[in-house]
2 protein chains.
Amino acid sequence: MNAAPASAATAAVRKIRVVLADDHPVVRDGLAAILNRQPDMEVVAEAADGEEATELYERHQPDVMVLDLRMPKRDGVAVVAMVLAAHPHARLLVMTTYDGDEDIFRCLSQGAKGYLLKDSPRTEILSAIRAVSEDRPYASSSVASKALQRMAKPSLTQREIGVLQLLAEGRSNKDIARRLSITEGTAKTHVKAILTKLDAISRTEAVAVAHKRGLVRL
Amino acid sequence: MNAAPASAATAAVRKIRVVLADDHPVVRDGLAAILNRQPDMEVVAEAADGEEATELYERHQPDVMVLDLRMPKRDGVAVVAMVLAAHPHARLLVMTTYDGDEDIFRCLSQGAKGYLLKDSPRTEILSAIRAVSEDRPYASSSVASKALQRMAKPSLTQREIGVLQLLAEGRSNKDIARRLSITEGTAKTHVKAILTKLDAISRTEAVAVAHKRGLVRL
DNA sequence: AGGCTCCTCTCTCAAAAGGGGTAGACCCGA
DNA sequence: TCGGGTCTACCCCTTTTGAGAGAGGAGCCT
């Protein structure tokens, strides 16, 4: 198999080969329609879930893979991790519906090259793909600013995220303690830490903040 | 302007004229690609927000309008209301990303003819449009069952929904009372009613349930 | 080894929330 | 006009939550 094309700046001859991964048929068709309209791009495969995405990357070794953050079987974060483990120079562009999804940072820090909101205009989608194909990072403007805000704020520990998840389900401290096999006092300690870090007055407000930041799943 | 085509069963001659309304360019392109591939369908216009949707319905008087539930400027519920007010026989197919969005019931009860999840396969999208174009109702299977479940459950009053919204933002009873200009005791009464109706033990659980059912916005 | 974070557990105390019941004022439809 | 639902308000009582402060052990990095 041919390895890396990598010759940037010389377009028009060699097309950017793209694999799409999204569980919505409509979105796949939309992206395919937009990309195939371009003279310098070509959709070589489409995946409907995370497993398929990994497989199709292996099979087609595209210049760029565009993948949805939330997919069945294997989510975007996992796909990024797996593909980059096998292909450290893979160029991955992550897409999400939700502005402020916390997972996007996980993808980027793992090595995804770009980030895109699903409601982006066509031109932005195209320039993102071109940028990533040339190994240049791309992030929609709203993310760059969020990244900065995020740096300033304290991050939650793994344990705290676990507690937060239960919190968001509406569990009481006692219930959280039982499920995590810790004392209620310890659960309270974690909850207090969460409140402080999220700058919330009550557990319910903490849950609201967590939803806004995409820290927890429904 | 010619009014109603309505002649079912005789396809292939007259195309189903469709207006799309969705704020995501990718989704519009995807739907357009799928529909225009069909011999019996034709996308005559695309709207990027609710206002435009209303305008384009007026201008084109399509056989079917496919519209997203969540759009800028005017959401799906409002568009359904406005269009049906002017055109009682309009055939509207509402689409949403979120399974279990409570607003879908508002649309259907207002007279939208069909409901569709955005992650539906192409075939389902097409049959939904064909059904609606013939004035037959269409709802994806998951909704039909939800509708039944919903009938059984008690619904919240307007006041309670207002309280629930504040609850979901993490406000305390005292805070809710202040914002709604009622006493804290009354706020508690409403909260208690909400807990009972949503079958939740704590306010936080109530918020979780509300999110799952799409009763509140982020 | 020392410093660091994280997780665990303990304690006290005040505030908030939740469960129970009751009840008047209002509007609307039967 | 009567009943039903809604919104408002109050009562008492128990449980939960949140703030504050401390402290020991495990693991990691330098």
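By convention in this document, chain letters (A, B, ...) are assigned in the order of the sequence lines, proteins followed by strands, and residues within each chain are numbered from 1.
Look at CG on A:L156: it is 10 Å from P on C:dC6, rounded to the nearest Å. We find that CD1 of B:I176 is positioned 15 Å from P of D:dC7, with the value rounded to whole Å. Between the CZ atom of B:R178 and the P atom of C:dA16 there is a distance of 10 Å, rounded to whole Å. Atom CZ of A:R171 is separated from atom P of D:dT16 by 15 Å (rounded to the nearest Å). To the nearest angstrom, P of D:dT8 lies 8 Å from CG of B:L180. Per the geometry, CD belonging to A:E160 stands 7 Å off P belonging to C:dC6, to the nearest Å. D:dT17 atom P lies 15 Å from atom NZ of B:K188, rounded to whole Å. Distance CD (A:Q158) to P (C:dT8): 13 Å, rounded to an integer number of Å.
Between A:T183 and the phosphate of C:dC9, there is a side-chain N or O to OP1/OP2 separation shorter than 4.0 Å. Taking side-chain N and O atoms only, A:R203 has no distance below 4.0 Å to OP1 or OP2 of C:dA16. Between A:T186 and the phosphate of C:dC7, there is no side-chain N or O to OP1/OP2 separation shorter than 4.0 Å. In this structure, B:H190 does not reach the D:dC7 phosphate: none of its side-chain N or O atoms is under 4.0 Å from OP1 or OP2.
Of the candidates C:dA17, C:dG18, D:dC7, the closest approach to any side-chain atom of B:L195 belongs to C:dG18. In the set D:dT17, C:dC7, C:dT8, the nucleotide with an atom closest to the side chain of A:E184 is D:dT17. Each of C:dC9, D:dA9, C:dA17 was ranked by its minimum atom distance to the side chain of B:N173; first place goes to C:dA17. Checking D:dT17, D:dG18, D:dT8 against the side-chain heavy atoms of A:S172 singles out D:dT17 as nearest.
Between the side chain of A:E205 and the main chain of A:I201, a donor-acceptor pair closer than 3.5 Å is present. Without hydrogens or angle criteria, B:K197 side chain to B:S155 main chain gives a donor-acceptor distance under 3.5 Å. Looking only at distances, no side-chain donor or acceptor of A:R159 sits under 3.5 Å from a matching main-chain atom of A:H190.
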In sequence, state the C-alpha distance, the side-chain angles, and the governing distance for B:E58 and B:H87, and then conclude on side chain to side chain contact (heavy atoms under 4.5 Å, CB included). CA-CA 9 Å; B:E58 288 302 325; B:H87 307 274; 2.9 Å; yes
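Annotation for A:D199: atom CG does not count as buried by contact number, only 12 or fewer foreign heavy atoms lying within 6.0 Å.
Each end of the helix from C:dA1-D:dT30 to C:dA30-D:dT1 gets its own axis from five base pairs, and the two axes differ in direction by 50°, given to 10 degrees.
With respect to the salt-bridge test (charged N to carboxylate O, under 4.0 angstrom), the residues B:R74 and B:D49 do not qualify. By the 4.0 Å N-to-carboxylate-O rule, B:D68 lies close enough to B:K118 to be salt-bridged with it.
Both B:K192 and A:V191 sit near DNA chain D, but only B:K192 has its closest nucleotide nearer the 5' end.
Counting any heavy atom pair closer than 4.0 Å across all strands shown, B:G185 reaches no nucleic acid atom. In this structure, B:K174 reaches the sugar-phosphate backbone alone: every heavy-atom distance under 4.0 Å involves primed, P, OP1 or OP2 atoms, never a base.
When every heavy atom of A:A45 is checked against every heavy atom of A:L56, the shortest pair comes out as CB-CD1, 4.0 Å.
Side-chain N/O atoms of A:T189 and base N/O atoms of C:dC9 include a donor-acceptor pair closer than 3.5 Å.
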